[in-house]
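Have a look at the structure below before the remarks.
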Amino acid sequence: MSCRGPGCRANSRGTRRSPVGFSAGPVRLDGVDPKTRNRIMAGALVLMFVVVALTAAVK
């Protein structure tokens, strides 16, 4: 059961969520160890390839 009235706490600005996949701004990885940063970037690249491959397979 959802609350859709103007007084509902779920509709207040403080609890509203941003769309999936979008962040408030760029992520800074300056203070991260270079090896860890490389692993994060490699993981992001692999994830992009997986998403593209799944999209191509579905079509």
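In this chain, numbering begins with 1 at the start of the sequence shown.
Cluster partners of Leu54 are Val46, Val50, counting Ile, Leu, Val, Met, Phe, Trp and Tyr whose side-chain heavy atoms approach within less than 4.5 Å, directly or via other members.
Looking at Thr36, its side chain never comes within 3.5 Å of a backbone N or O of Val32 through a donor-acceptor pair.
Checking each of Lys35, Met41, Arg37 against Arg39 for a side chain to side chain contact (heavy atoms under 4.5 Å, CB included) leaves exactly one that passes, namely Lys35.
To the nearest 0.5 Å, atoms CG (Asn38) and CG (Asp33) are separated by 9.0 Å.
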